[in-house]
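Below, read A as the first sequence line, B as the second, and so on, with proteins coming before strands; counting in each chain starts at 1. Note: hydrogens, waters and symmetry copies are ignored here, and every other heavy atom, side chains too, is used.
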2 protein chains.
Amino acid sequence: MEGKDLRKAGLKVTLPRLKILEILESSDTARHLSAEDIYRTLLDSNEDIGLATVYRVLTQFEAAGLVTRHHFEDGMAVFELNQGTHHDHIVCLDCGRVEEFVDSGIEERQNAVAQRLGFAIRDHSLIMYGHCRRADCPHRGKSNKNS
Amino acid sequence: MEGKDLRKAGLKVTLPRLKILEILESSDTARHLSAEDIYRTLLDSNEDIGLATVYRVLTQFEAAGLVTRHHFEDGMAVFELNQGTHHDHIVCLDCGRVEEFVDSGIEERQNAVAQRLGFAIRDHSLIMYGHCRRADCPHRGKSNKNS
DNA sequence: TTTGCTGCAAATGCTTTGCATGTAG
DNA sequence: CTACATGCAAAGCATTTGCAGCAAA
């Protein structure tokens, strides 16, 4: 299936890469996984894949444009499958849930600002942090991520 | 002078803290320093202050609201003296220069988005990365910071 | 077969911490 | 004098890398 994507990226189609791709695809709700998250998921699936490989594969995927790496405030990097559409993020400080959004107005004004300051923008990152109002969000003060 | 700020923050007025505060204040152009930057500046001033202390002091300053910690893409954290006014950042990928800006339109739309998604925003971070067009900016591919 | 991939363990780089000493209040 | 600060060295954590063995094409 998505072995094609790997080929196109100049990467051999191997089990670790397919598995990791699969995990990134299947995580519908919280599609923003750290290397550790993915590693643990692999262990749970009885896959014998090392953490170093997870990092290597994710780095390669990033270089190939398959995934994007984000640095949220907690330090640990999270990876997200690229679906072509650009979007920004809003992170719940209580439950760690991540929502995505696009606001064309924000995008426009960003470009205007960049132009005014004489910058040729190559990339940008907008992340808002706050408290969501979902019923299942535990307001425990400290964030507890991964489901 | 700013010993007051320290007192108000519940921190004893010590040489390391004053010196670090001073360094953060005096860096007019590139006011976004990493712990290492500050440490080296201290060494250059023949101050005998350990790197661990720099980190401890900066962390305390952050907790006290005196400085803000930013995580730009290169991983290393940078610290900026808080001057009350909120602003976002645009970073040059070539020379590492950081410009600050505020766009009320962006702020407004951010709030609108947050409200629409049911989030109570506590904080946000908008950073743009690009190439500036300054004469003294070396387009050397890799970023070379500190003056 | 040949090149590239993997696992493991060791190394890295930034940041934090334990502990004995020093110093502000 | 007492509590908090500091310096140093060692620890911690996420991430990267070296290397010998393995697997895809």
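A donor-acceptor pair is defined here as one N or O able to donate and one able to accept, closer than 3.5 Å; no such pair exists between the side chain of A/Asp94 and the backbone of A/Cys137.
A side chain to side chain contact (heavy atoms under 4.5 Å, CB included) with B/Ile23 is found for exactly one of B/Val54, B/Leu81, B/Leu33, B/Leu18, namely B/Leu33.
Evaluation of the salt bridge (Lys or Arg N to Asp or Glu O under 4.0 Å) rule for B/Glu108 yields no partner, not counting sequence neighbours. A/His86 is linked by a ring-ring contact (aromatic ring centres under 6.0 Å, His included) to A/His124, counting only residues two or more places apart in sequence or in another chain.
Mapping A/Leu15 and B/Val13 onto DNA chain C by nearest heavy atom places A/Leu15 closer to the 5' end of the strand.
Atom P of nucleotide C/dG4 and atom CG of A/Leu6 are separated by 16 Å, given to the nearest angstrom. Rounded to a whole Å, the CD atom of A/Glu47 is 12 Å from the P atom of C/dT6. Put simply, NZ on A/Lys19 is 17 Å from C1' on C/dT6, counting in whole angstrom units. Here C/dT3 presents its P atom at 18 Å from CG of A/Leu11, a figure rounded to the nearest Å.
The list of side-chain hydrogen bond (donor to acceptor under 3.5 Å, both in side chains) pairs with a residue in residues 56-65 of chain A, not counting sequence neighbours, reads A/Arg17-A/Gln60, A/Thr59-A/Arg69, A/Glu62-A/Arg69.
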Trace of the side chain to side chain contact (heavy atoms under 4.5 Å, CB included) decision for A/Glu107 with A/Asp88: CA-CA 10 Å; A/Glu107 303 293 325; A/Asp88 294 315; 3.3 Å; yes

Verdict with reasoning, A/Leu126 to B/Leu126, per side chain to side chain contact (heavy atoms under 4.5 Å, CB included): CA-CA 4 Å; A/Leu126 166 56; B/Leu126 167 56; 3.8 Å; yes

Residues B/Val102, B/Thr85; criterion side chain to side chain contact (heavy atoms under 4.5 Å, CB included); working and verdict: CA-CA 9 Å; B/Val102 191; B/Thr85 48; over 6 Å; no

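Under 4.0 angstrom from either OP1 or OP2 of C/dG25 there lies at least one side-chain N or O belonging to B/Arg7.
On the nucleic acid side, DNA chain D has its first and last nucleotide under 4.0 Å of a heavy atom of chain A at D/dA14 to D/dA25, going 5' to 3'.
Each of A/Ile127 and A/Ile106 belongs to its own hydrophobic cluster when Ile, Leu, Val, Met, Phe, Trp and Tyr are linked at side-chain heavy-atom distances under 4.5 angstrom.
Between A/Asp136 and A/Arg97, at least one side-chain nitrogen of the basic residue sits less than 4.0 Å from a carboxylate oxygen of the acidic one, meeting the salt-bridge criterion.
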Per-nucleotide protein contact string for nucleotides 15-22 of chain C (B base, S sugar-phosphate only, - none; heavy atom under 4.0 Å): BBBB----

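A/Ser34 and A/Asp37 share a donor-acceptor pair across their side chains, judged by distance under 3.5 Å alone.
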Structure string for DNA chain D in dot-bracket form, Watson-Crick and G-U at under 3.5 Å, | interchain: |||||||||||||||||||||||||

